[in-house]
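Everything on this sheet refers to the single structure shown next.
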Amino acid sequence: MDAREAFEIGGQGHVFAFWDELDDRKKSSLLGQAEEIDLAELETLVSNLVKGDNIESEVDYRAFRPAPYEPIPDDLNKDQKWVYAKEIGEEALRGGRVAAFTVAGGQGTRLGYDAPKGTFPITPIANKTLFQVFAEKIRASRDRFDSQLPWYIMTSHANHEATESFFRKHKFFDLGEETVKFFRQGRMPAVDFDGRILMESKGKIAMSPDGHGGALRALDRGGALAEMVSKGIDLLSYFQVDNPHVQVADPYFLGFHIQSGSEMSSKMLPKAYEKEKLGHFCLNGDRLEVVEYSDIPDELTSKRDESGNLLFIAGSVAIHVVSVPFIQKIVEEDSPISLPFHKVVKKIACVDGSGASKELDAPNGVKFEMFVFDALPFAKNPVIVETTRLGDFSPVKNTIGVDSADSCRKDQQKLFASWLAHEGVRLELGEDGIPLNRIEISPLFGYDKGSFCDSWKARKPSVDFSKDVYIA
Ligand code: UTP
């Protein structure tokens, strides 16, 4: 049976409605897209998530309990458990067991920036891009631990070429071209609320990236997994492209993961307030799960202990360590583990039955995405490790307000001021805790508190803090 027949039988024949109007190139590209689609899988998704009862909403959350986590001590250097975890993590870095992994395939619609998000300028003075910040942190970590620390970056069909050429233009930020690897994630067709595939144009199906959970199968398909195994890499330090605060390969976190014999571990932040829009770490029986803020009932988010503290306090910041053998187990043929798809309701650019572009003033369809944290319930011995907001999390999602470029630049300066304060430098701060003169510290000078303090003591730079300061 050819693709056109299969789509007709599957109730999606309209995908080829304009077939006779297409030239040969467009016909072959449309056929290529059609072949990527698993019609049986799509039918199930439509009936479960779009038309029928949404199985996601059937979960009974009342039995969920807060997940335990490893609390962060006031002084990391004085807590034996943390000191030991750090030693183990550093040993893994020195031994070349770790790769950095960035998911950068998202569409970044909220930011409204018309280029791969990683190319967005984000630092307060030097205006370095997100990719440059990560690149410099990786370089600095390599130097500190004499480690290979290769960098894998997941792109999408839409931004792959632009991402690669950005790195080429910037000479891979001196990381060595052979140590930075890009691979595309998979994609899924978008459908309307009746489950009909949406057409972006007469000869093009509206396809969108299959979510950050698509990373696991994309690592396999793109050959990255096999390459890691051949290089002796068994630990992936996973982070998102929108968060320049992240510690790209945190020895403490790696150490806790290794020590516990964990297959997948996550960092957590205590929520700043009851309704903060973070996923919640919960125990469902003995399974660790992340429940999205949009799914968790108020009844749970508002629960407090006798002292008035929120019980479901642990928020997910999308920072994980994932063991390579665990990913292999998930992606192998006939694996009993598969990540579910979720529906994401969005405005999706498309044409109508006559081939004319539709005006959209409200969401008109559904995208299907997998979430990486859905792998957690399948992981053996998962650990959750607390982190600090400034030390690991200030994402750039929106154009203004919360989680915007502006809030992130302010957070960077608060963080740098806190490192300087630790070395006895008191900057003049405004009411909001942000230094009155702008300050930026290059990751090549210090990429976390420990590396910064070591550099500061060793180099004793003479700095005039009465004006804007960039320490490199
Ligand atoms: P977000 O959930 O913020 O989605 O992604 P997004 O597509 O980037 O942004 P919006 O919602 O359209 O504004 C969180 C992280 O997951 C990656 C993103 O690149 C970001 O690092 N991601 C998301 C992927 O790699 N692939 C996807 O399909 C979705």
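Throughout, residue positions are numbered sequentially from 1 according to the sequence presented. All ligand and atom numbering here is 1-based and tracks the order in the structure.
For ligand 1, the protein residues placed under 4.0 Å by at least one non-hydrogen atom are Val103, Ala104, Gly105, Gly106, Gln107, Gly108, Thr109, Arg110, Met154, Gln185, Pro209, Gly211, His212, Gln240, Val241, Asp242, Lys346, Lys397.
Partners of His212 under the ring pair (Phe, Tyr, Trp, His ring centres under 6.0 Å) rule, at least two apart in sequence or in another chain, are Phe371. Every residue meeting the side chain to side chain contact (heavy atoms under 4.5 Å, CB included) condition with Ser208, not counting sequence neighbours, appears here in chain and number order: Gln107, Lys367. For Arg409, there are no side-chain hydrogen bond (donor to acceptor under 3.5 Å, both in side chains) partners two or more places apart in sequence or in a different chain.
For the salt bridge (charged side-chain N to carboxylate O under 4.0 Å, His left out) test with Glu36, the passing option among Arg221, Arg187, Arg184 is Arg187; the others fail.
There is no side-chain donor-acceptor pair under 3.5 Å between Glu332 and Gln328.
Here Phe16 and Phe7 bring their ring centres to under 6.0 angstrom of each other.
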